[in-house]
Protein chains: 2
Amino acid sequence: MKKQGEEILKNSALSVTAGRKRILDIFLASGNALAHQDIEMQCAEQFDRVTIYRTLQTFLEKGIIHNIPSTDNMVRYALCNDNCITSGHHHDNHVHFKCDDCGKTVCLDDLVIPAIKLPQGYTMKEINMVVSGVCKTCK
Amino acid sequence: MKKQGEEILKNSALSVTAGRKRILDIFLASGNALAHQDIEMQCAEQFDRVTIYRTLQTFLEKGIIHNIPSTDNMVRYALCNDNCITSGHHHDNHVHFKCDDCGKTVCLDDLVIPAIKLPQGYTMKEINMVVSGVCKTCK
DNA sequence: ATAAAGAATGCAACTTTGTTGCAAAAGCAT
DNA sequence: ATGCTTTTGCAACAAAGTTGCATTCTTTAT
Ligand SMILES: [Mn+2]
Ligand SMILES: [Mn+2]
Ligand SMILES: [Zn+2]
Ligand SMILES: [Zn+2]
């Protein structure tokens, strides 16, 4: 599993660079969603802040990571499961949980967002569900 | 309905100031959720930016407005329906919709977020559901 | 293995967004 | 009207995000 990062990059037709591999490693090693800031703290000495912005943007567009909305002005990112992009948008459909105690945000991969029926005239493209509370570790 | 803003402030035990009334008016006049930026554009000449930050914070704490998470680093705010705060947290439970076309975010007040069953050990406090796509106006 | 083309990175400069302390002003209760 | 309390504006700052451009690194073709 040494070259799992490279694998992902090649599958997405991205060139393999030290920065991209490092950021992928950080995601692979971490069990929870990461904000730009979290990543920067782990590799700011190696890589420029701008590179991290651009890398996350690229990963998003390629469907390598998805972003998780929040009300605290800290968008978080997590690895997508399989190839996540079809017709230009992500199709992650699992619930996210943010713990008020430890602050961590995790993907509840097995918990599928229930279907809803939008009012007449609305068309759905993506759907996000974020639950906050206390996680099982902090309980 | 001239003093609807004042009414809201008094019900929340807040002193009635020009800035707070103005910001409430902006919300009452607008059909959709507003980001700090939207509000600032409408009253930056009258009021300081800092005042807007503090006013939104106060309104949130008092349950006058609720915030809507997003993946674009622009938290939006909308008026709460009734008195929204019980035991320290909001209990808005409706779906939000963000239009990819016009960019507007609206409360779908009649669309209740379906219940979900969290994995063992997790406790829910708040829940948010945001759907993106095309709204009925842009359709 | 080398060279050329294209893509990614670092850096600098900048803009925007959000925070804090404090003095002045405004609101509220008596 | 007076004094007390809360809110506001200002200034200074910190953090977050963006952009253009020159340099470096990857990839692809020779
Ligand atoms: Mn996820
Ligand atoms: Mn709402
Ligand atoms: Zn926790
Ligand atoms: Zn629209």
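Atoms considered below: every heavy atom in the structure, side chains included; atoms not considered: hydrogens, waters and symmetry mates.
One interatomic measurement links the two molecules: CD of B:Gln46 to C1' of C:dA26, which rounds to 16 Å at whole-angstrom precision. Atom P of nucleotide C:dT17 and atom CZ of B:Arg76 are separated by 12 Å, given to the nearest angstrom. What separates CG of B:Leu9 from P of D:dT7 is a distance of 11 Å, to the nearest Å. Atom NZ in A:Lys21 sits about 15 Å away from atom C1' in C:dT9, given to the nearest Å. Counting to the nearest Å, the P atom of D:dT8 and the CD atom of B:Glu45 are 18 Å from each other. Distance B:Asp72 CG to C:dT17 P: 12 Å, rounded to the nearest Å. In this structure, the CE atom of B:Met74 is 20 Å from the P atom of C:dT15, given to the nearest Å. Rounded to a whole Å, the CG atom of B:Asn73 is 10 Å from the C1' atom of C:dT17.
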Worksheet entry | Check against side chain to side chain contact (heavy atoms under 4.5 Å, CB included), A:Leu24 and A:Leu79 | CA-CA 9 Å; A:Leu24 277 179; A:Leu79 289 174; 4.0 Å; yes

Worksheet item: Should A:Val130 and B:Met129 be marked as a side chain to side chain contact (heavy atoms under 4.5 Å, CB included) after you check the CA-CA gap, both sets of side-chain angles, and the distance that decides it?
Response: CA-CA 7 Å; A:Val130 183; B:Met129 190 159 181; over 6 Å; no

Item to complete: Apply the test side chain to side chain contact (heavy atoms under 4.5 Å, CB included) to residues B:Leu9 and B:Phe59: give CA-CA distance (whole Å), side-chain angles for both, the deciding distance (0.1 Å), then the verdict.
Response: CA-CA 9 Å; B:Leu9 292 171; B:Phe59 286 0; 3.8 Å; yes

Worksheet item: Step by step, would you call A:His94 with A:Val112 a side chain to side chain contact (heavy atoms under 4.5 Å, CB included)?
Response: CA-CA 4 Å; A:His94 55 273; A:Val112 172; over 6 Å; no

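Under 4.0 angstrom from either OP1 or OP2 of D:dA15 there lies no side-chain N or O belonging to A:Gln37.
Remark: the backbone N or O of A:Ile8 is paired with a side-chain donor or acceptor of A:Ser12 at under 3.5 angstrom. With hydrogens and angles ignored, the 3.5 Å screen pairs no side-chain donor or acceptor of A:Arg20 with any backbone N or O of A:Ala18.
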Determine all donor-acceptor pairs shorter than 3.5 Å in which one atom belongs to a side chain in residues 42-53 of chain B; sequence neighbours excluded.
from	atom 1	to	atom 2	distance (Å)
B:Gln46	OE1	B:Arg22	NE	2.7
B:Asp48	OD2	B:Val50	N	2.9

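Applying a 4.0 Å cut-off to non-hydrogen atoms, the residues of residues 47-60 of chain B that approach DNA chain C are B:Arg49, B:Val50, B:Tyr53, B:Arg54, listed by residue number.
Taking the six-membered ring where the residue is Trp, the centroids of B:His96 and B:His66 are separated by under 6.0 Å.
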Any N/O pairs under 3.5 Å between the protein and nucleotides 25-29 of chain D? List them or say none.
from	atom 1	to	atom 2	distance (Å)
D:dT27	OP1	A:Val16	N	2.8

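Under 4.0 Å is where a charged nitrogen must lie from a carboxylate oxygen, and between A:Lys98 and A:Asp72 at least one such pair does.
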